[in-house]
Amino acid sequence: MSREVLAHYRDLVLVLVAKELKVRYRSTVLGYAWSLLHPLAFAAIFFVLFKVIMRIPREDYALFLVTGLFPWQWFANSIGASTGSFLHNSSLIRKVMFPRSLLVLAGVLNDMFHFLVSVPVIVLFLLYHRTVPSLAAVALLPLIVLIQLLFTHGVALALATCNLFFRDLERLAVIVTTLWFYVTPVLFPADMIPPGFGWVVYANPMAAIVGCWRGLFLDGAVPGTLLGLAAAWSLVALAVGHRIYRALHWRFAELV
Amino acid sequence: MSEGPAISFRDVTKYYPVTAGRAMFLKDVLLHLPGSLSALRRRQRFCALDGVSFDVARGESFGVIGRNGSGKSTTLGLIARVLVPNQGSVRTVGRIAPLLELGAGFHFDLTGRENIMLNGVLLGLTRERVRARVADIVAFSELGDLIEQPLRAYSSGMVARLGFSVAVHLDPDILLVDEVLAVGDEAFQKKCLRRMAEFRARDVTMVLVSHNLGDIESLCDRAALLDGGRLAMVGRPREVVAEYRRRLDDGAAGTDDAGP
């Protein structure tokens, strides 16, 4: 692939992401605050539910919550938007040839941006608990971002593609993502899971990824096995997503 | 650039699945399970193009006419490579730019200037190359200060003018035009036609699909008539248009095989 073509693909992703961000930040008064308000509102309601009412035994529950909830919302928002990635761009797909997978990638990167601007809020929670993020944590952050980006892109690509052939998928995806949230240790610590159900965590890629984020923010270190597990899941998701996409993308213009 | 035709169709056949393989809805599948399964087996399909062969020479303006459903858009889709033929081969030489329908690839909350960048990159240029053309595009569009306003503030004619201005500044080797010549007021239409004439002079290959037979006669060097997915005739635009009119009259007279 020539340098010119690669430069064009890079620019395609850039203008597609820039489009979403510009629209989002221009047409609303609150702009940047919206990136924070949405996850914070959920964090607040879960805090009331699980700390105040259910009294989960964790001193730093608010901090614990945001370190899992913010990355989860990146994932969930990307998955929710993915099913429309191709359908909403039908007029382009029917007329212009370009790698359609970039539409999905731009969507995931857009949500990644909103996650990244919420990281300072997590840091504020850390400082409140008199913890200063370690240098190791800062160094690991890009790696875990990459792992979650690849995983989310893989899943989103598979969903966006399959949704063209099976339109009920977008409704199923919403339900499955919601259920997935509750079986992933986001609201509760993984060590509260009763013995015998530990496999739920190992069979769940998002449990591994959320585990990485918790390790990074709460302990300043991530166990190698957990990092390896998350990385392996992300590569599997990417491989499967791309395989499905490559097998079917030549028919998109007939279907959208 | 190599010699030979800019576009070459050889025995091109394109089917669309009618039932099987299209997007399926869970309710339909469950409610009509036996029917759905047998439909999958039958593999019903609609033949949009049937063994079509033609060449378009470099720098030629080629018109495609025919009734609705005769295969015109499928032909353009195959040239643009968004569709893949079931049989036969499609070859093209050079960079292809389609002229998009009104507003496609634009975002109405972005300004005209931002949309030039978005549309230019979507249509195949790098940001650097779009930047180098922005001034020309703005000038050609005659939108003036409105270029800094969001597209929401534009009339549909203005949006079309902006779209046309971007498309004709992409320096394509092959320009695909699908029924979008009638943009803007009369003055702007004349400007568009002048620009098309310039393209012809500059050896840009053009494929025009239009129901405006006058445009086909005045802008094209050659034309093709599609009828029910088959190539009925290729030749001088006047003759092809005359044959098309004759067939339309025959259809209206009684055989009544009008397309969908």
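In what follows, chains carry the letters A, B, and so on, assigned in the order in which the sequence lines appear, proteins first and then strands, with residues in each chain numbered from 1.
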Find the one option among Asn89(A), Ile93(A), Leu16(A), Leu12(A) whose heavy-atom pairs under 4.5 Å with chain B are most numerous.
->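 Option with the greatest count: Leu12(A).
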Parallel, tilted or perpendicular: which describes the rings of [X] and [Y], with under 30° parallel and over 60° perpendicular?
| X | Y | answer |
| --- | --- | --- |
| Phe9(B) | Phe54(B) | parallel |
| Trp72(A) | Phe181(A) | tilted |
| Phe42(A) | Phe46(A) | tilted |

Using non-hydrogen atoms only, which part of Leu76(B) is less than 4.5 Å away from chain A: side chain, backbone, both, or neither?
->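 Leu76(B) has no heavy atom closer than 4.5 Å to chain A.
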Using heavy-atom distances under 4.5 Å, tell me whether [X] contacts chain B through its side chain, its backbone, both, or neither.
| X | answer |
| --- | --- |
| Arg100(A) | side chain |
| Leu102(A) | neither |
| Leu92(A) | side chain |

Does CZ belonging to Arg246(A) count more than 12 external heavy atoms closer than 6.0 Å?
->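 Counting other residues, nucleotides and ligands, CZ of Arg246(A) stays at 12 neighbours or fewer.
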Has Arg45(B) got its NZ or CZ under 6.0 Å from the middle of the six-membered ring of Tyr16(B), at an angle within 45 degrees of the ring axis?
->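 Geometry flag: not set, cation outside 6.0 Å or 45°.
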